[in-house]
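Dropping the structure in here first, questions after.
Positions are given from 1 along the sequence.
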Amino acid sequence: MVTDELAEKLAAAAPLEGVRPETARAVAEHARERRLQPGETLLRQGEAAGDVYVVVDGRLRVVLDEGTGSPCAFALVEAGAVLGEIASLTGGTRETTVVADTPATVIEISAAGFELLIKSEAEVARRLTELATVRLRQAQLARQVATLFPEVDESVRWALMAGVKWVRLKAGDTLVERGDPADAAYIVVSGRLRATLGAGADDILADVGPGELVGEMALVEGGVRTATLVAARDSHLAQLGRDDFLATLRGRPESLLRIARDALRRASDARGTHGGDRRTIVLLAAHPCVDLSAFAQGLVAPLERGGATRLLRRQDADDALGTRTLAQGGPDGPGAARVTQWLQEQEERHETLLLQTDTDWSPWNDLVLRHADHMALIVDADVEPTLTPAEQRLGEALRARMASGSPARIRKSLILLHPGEGVRAIESPRGTSQWLASRDVDACHHVRWGHPGDFARLARIIAERPVGLVLSGGGARGYAHLGVMRALEEAGVPVDIVAGTSIGAVMAAFAAFDVGCDEREARAKSTLRDTLDWTLPLAALVKGGQMAALAERETGGRDIEDLWLPWFAVSTNLTRSQVSVHRRGSITRALRASVAIPGIVPPVVYGDELHVDGGVLDNLPVEPMRRINPRGLVIAADVALNAGPHAREDFGLSVSGWRLLADRLLPGRQGPYVPGITTTLMQSMIAGSSRARDRVIADGLADLYLDLDLPRCGMLEFGAPDRIIAVGYDSAAPRVRDWADALPARVRASFS
């Protein structure tokens with residue numbers, strides 16, 4: 001008889017509506033009725049999952065205890081409610097404390113009875129899952145409201161929470177547009193928003209994470225939105241209407257002042273950092289033969305040197321929350337919500353999260369991809385470059401996660417793993433373009449097993465803290481760049497990305513092959529010893545064939561993608577009158593274009609467009625480097641002459657080449673000094689881009705600008721490499737040491 005009564009009361013509860021009578025009776029066999037007195041605790045926050053309760057009569061209070069000594073009540077529940085279902089569905093511990101507010105009666109269902117219920121009644125299980133997810137979001141919101149409005153009375157906070165409207169955004173969805181009227185403020189309960197002025201990366205203002213208020217200042221001022229807000233991840237927001245929000249602040253100037261300060265702090269912290277230093281990086285192995293655990297461990301130590309880092313696997317989530325958590329309710333259920341909340345807590349405590357995926361595709365993989373800022377795909381460079389099943393699943397997951405081309409688009413990197421020692425070790429990669437042909441990635445990096453330097457470089461790059469080195473053009477004075485590289489190495493400053501114009505591009509290419517200083521200098525001197533093949537000056541003074549042949553020999557016909565270090569060269573597109581940045585394709589062709597001094601070396605054809613020396617428009621390509629490396633360090637070495645040749649005397653308005661030749665060849669003849677055509681052309685070219693150089697230096701785009709003092713080093717003195725290298729080293733070394741010593745300790749630590 002008691003069982004039948006309990007079964008009827010269970011079936012009468014709204015969340016259990018539609019349960020079959022036989023199921024209700026079977027569950028009642030595992031249940032009992034319990035009376036509570038006012039103030040009596042039914043559930044305690046932090047307890048392990050266990051029984052589930054159905055409220056028969058009375059009223060209970062749901063409380064959050066954050067350890068401050070002032071528990072926050074955020075909800076009242078009455079007859080028909082179900083309590084304790086969140087922890088029972090997902091495992092782990094109770095999210096809240098529940099206390100009787102009045103005399104109350106509940107039906108206590110054991111864990112075994114609740115499991116029988118959800119296994120037998122699919123519709124009831126679905127309804128309870130939705131209820132648990134909603135209640136979990138409410139608990140998160142209650143914590144955040146208590147933090148955002150600590151001065152506000154509990155009753156006012158209740159009223160505020162009761163009036164919120166829930167907004168759910170998929171990654172890439174737009175919440176508000178710049179210029180829209182301000183009619184609401186929002187609390188980010190989960191996920192992340194991105195504030196932006198436009199569609200480009202340079203227009204990003206800040207990221208707004210869980211627990212932060214956004215849109216509040218425009219609401220207070222009664223103006224319009226000053227930025228567009230886009231979901232950078234799947235997000236849940238609590239929308240606060242104008243009247244409710246202003247009513248909460250009315251008569252509380254301290255709250256308004258604190259909110260204004262928080263908004264200013266957020267804007268200041270985010271300036272130039274796109275939302276601070278925190279990032280979440282997902283690691284996925286494309287091939288089963290890749291030891292993803294070892295690879296991840298290889299990244300942890302160098303990442304940790306630059307800031308708090310944690311590597312998380314599915315097992316870590318299982319250990320923290322219970323093995324059943326992810327299995328409950330799919331991607332939108334309470335299990336995923338709890339794991340997302342846990343990941344957000346870990347992200348707040350660490351600057352970098354590394355999330356290691358499962359070998360076999362799993363709900364964990366789907367969830368972490370929805371949480372990622374950066375996706376790193378690790379492949380075995382020794383296998384065929386065809387798409388794998390893991391990559392195909394990845395593509396499906398990313399298409400579901402992201403709206404193509406939105407500011408929320410996830411960054412993707414391809415990591416090619418190479419043997420680092422033994423008979424299979426390689427001097428330099430080949431065939432990288434085949435890997436990139438069928439993959440849409442933002443960057444490609446090469447890593448050798450057993451090479452700590454490769455892992456350290458990759459760690460700085462994916463943590464968005466690389467060191468970029470930019471080398472200027474300047475003819476033979478470019479040998480001084482080799483001295484700069486030696487000074488950097490001696491000071492313990494690594495180089496992760498290299499770039500240059502003209503001779504600077506050549507020297508940067510030697511650095512990108514990742515060899516030691518001695519070998520780099522030897523190869524540079526050998527390659528540049530005899531590069532000029534003079535010809536009838538109809539198109540140019542030299543043919544350029546010798547340059548191309550030497551570059552092809554030195555690079556082995558490799559592509560830019562095959563270099564150990566990321567490298568780019570700058571040329572000037574004569575057809576379009578603009579700077580071109582070469583980041584893919586033939587190294588030889590890019591170098592020839594970058595050194596094609598107008599009038600001296602013939603132009604290079606790309607498609608139907610002509611390219612000449614990059615020094616025409618950008619002799620020191622700091623700006624392109626800063627676009628590629630917006631948050632890291634940029635070092636610029638400038639070997640161009642600050643002043644051109646001086647006139648020793650007035651040689652008139654007409655100059656005869658024949659007379660100059662006779663003056664030089666015939667004894668006893670000495671005519672006026674006239675600058676040579678090569679010197680004039682080279683200096684004229686560099687002078688044309690001096691304004692661009694001055695602008696980027698004035699704007700502080702380079703963290704260290706080395707305007708090298710190179711006395712008596714001419715642009716055509718290719719026969720004096722050792723002297724120019726030594727002068728370049730002497731000029732750079734003291735400044736490099738002083739700059740490196742003044743860097744923050746954490747930055748220095750990341751160099752190791």
Side-chain angles (χ1 to χ4, degrees), residues 90-93 140 143 188 190-192 207 209-212 232-234 269 273-285 290-323 325-326 335-359 362-378 410-413 415 445 447 452 454-466 631 744-747 749-752:
T90 64
T93 59
Q140 291 174 288
R143 289 188 179 92
V188 181
S190 67
R192 185 186 295 171
D207 282 0
E212 292 192 86
R233 296 182 185 162
D234 291 357
D269 290 347
T273 67
H274 296 182
D277 287 333
R278 290 183 175 86
R279 65 197 57 80
T280 299
I281 302 160
V282 172
L283 306 177
L284 174 70
V290 171
D291 188 342
L292 189 58
S293 292
F295 178 84
Q297 289 294 340
L299 279 179
V300 169
L303 282 170
E304 185 71 43
R305 289 193 288 268
T309 301
R310 187 174 180 188
L311 169 64
L312 296 175
R313 302 153 299 171
R314 178 175 53 82
Q315 185 61 50
D316 298 305
D318 289 345
D319 292 344
L321 303 173
T323 56
T325 305
L326 270 174
R338 288 198 72 174
V339 177
T340 296
Q341 179 184 354
W342 177 70
L343 287 174
Q344 289 174 170
E345 291 169 357
Q346 301 306 310
E347 191 176 61
E348 287 300 309
R349 297 171 189 166
H350 303 88
E351 291 190 12
T352 304
L353 283 188
L354 285 179
L355 302 182
Q356 181 178 324
T357 56
D358 294 333
T359 302
S362 66
W364 168 256
N365 290 13
D366 284 319
L367 186 140
V368 298
L369 281 172
R370 294 167 67 181
H371 199 75
D373 301 312
H374 193 144
M375 172 71 231
L377 176 68
I378 298 94
I410 189 172
R411 180 171 176 78
K412 290 172 285 184
S413 293
I415 315 298
H445 306 287
V447 173
D454 286 6
F455 279 88
R457 178 172 63 248
L458 179 62
R460 288 188 294 270
I461 288 173
I462 64 175
E464 301 176 32
R465 294 189 293 260
R631 294 161 52 90
R746 193 179 71 167
V747 175
S750 72
F751 291 170
S752 302

- request: Could you tell me whether the side chain of Arg279 reaches within less than 4.5 Å of the side chain of Thr352, counting heavy atoms only?
  value: yes
message: Using the side-chain hydrogen bond (donor to acceptor under 3.5 Å, both in side chains) criterion, which residues pair with Gln346? Sequence neighbours excluded.
response: Arg310
task: List the atom of Gly191, the atom of Pro210, and the distance in Å for their closest heavy-atom pair.
output: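 Looks like O-CD, 3.3 Å.
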message: Going by side chain to side chain contact (heavy atoms under 4.5 Å, CB included), name the residues that satisfy it together with Ser362, two or more places apart in sequence or in a different chain.
response: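 Once residues adjacent in sequence are excluded, the partners of Ser362 under the side chain to side chain contact (heavy atoms under 4.5 Å, CB included) criterion are Asp358, Trp364, Asn365.
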message: So, using side-chain hydrogen bond (donor to acceptor under 3.5 Å, both in side chains) as the criterion, who are the partners of His374 when residues are at least two apart?
response: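 Here the qualifying residues are Ser413.
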- line: By side chain to side chain contact (heavy atoms under 4.5 Å, CB included), Arg313 pairs with (sequence neighbours left out) Asp316, Gln356
message: Using every non-hydrogen atom in the two residues, find where Leu283 and Ala296 come nearest and quote the distance to one decimal.
response: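 Taking Leu283 first and Ala296 second, the nearest heavy atoms are CD1-CB, 3.7 Å.
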message: Tell me whether Arg192 is salt-bridged to Asp207, with the criterion being a basic N under 4.0 Å from an acidic carboxylate O.
response: yes
- prompt: Is it true that Glu464 and Arg411 have a side-chain N and a carboxylate O under 4.0 angstrom from each other?
  reply: no
Can you give each donor-acceptor pair under 3.5 Å made by side-chain atoms of residues 455-462, sequence neighbours left out, with the distance rounded to 0.1 Å?
from, atom 1, to, atom 2, distance (Å)
Arg457, NH2, Asp454, OD1, 3.1
Arg460, NE, Asp496, OD1, 3.3
Arg460, NE, Asp496, OD2, 2.9
Arg460, NH1, Ser750, O, 2.9
Arg460, NH2, Asp496, OD1, 2.8

query: Below 4.5 Å, heavy atoms only, C-beta onward: do Leu303 and Leu354 meet side chain to side chain?
result: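 Result yes, sub-4.5 Å side-chain heavy-atom pair found.
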query: For the atom pair NE2 (His371) and CG (Leu312), what is the distance rounded to the nearest 0.5 Å?
result: 9.5 Å
query: Can you tell me how far the CD1 atom of Ile281 sits from the CG atom of Leu353, to the nearest 0.5 Å?
result: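 Nearest 0.5 Å value for the CD1-CG distance: 9.0 Å.
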query: Nearest heavy-atom pair of Ile378 and Ala376: which atoms, and what distance?
result: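 Scanning both residues, the minimum pair turns out to be CD1-O, 3.4 Å.
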message: Going by the rule ring pair (Phe, Tyr, Trp, His ring centres under 6.0 Å), which residues pair with Phe751 if we only count those two or more places apart in sequence or in a different chain?
response: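 Phe751: no ring pair (Phe, Tyr, Trp, His ring centres under 6.0 Å) contacts found.
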query: When rounded to the nearest 0.5 angstrom, what distance separates CG in Leu284 from NZ in Lys412?
result: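 Leu284 atom CG to Lys412 atom NZ measures 12.5 Å (nearest 0.5 Å).
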- request: Check side chain to side chain contact (heavy atoms under 4.5 Å, CB included) between Val282 and all other residues, then give those that pass, not counting sequence neighbours.
  value: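 Val282: side chain to side chain contact (heavy atoms under 4.5 Å, CB included) contacts with Leu355, Thr357, Val368, Leu369, Ala372, Met375.
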field: Ala745: side chain to side chain contact (heavy atoms under 4.5 Å, CB included) partners, not counting sequence neighbours
entry: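 Once residues adjacent in sequence are excluded, Ala745 has no partner under the side chain to side chain contact (heavy atoms under 4.5 Å, CB included) criterion.
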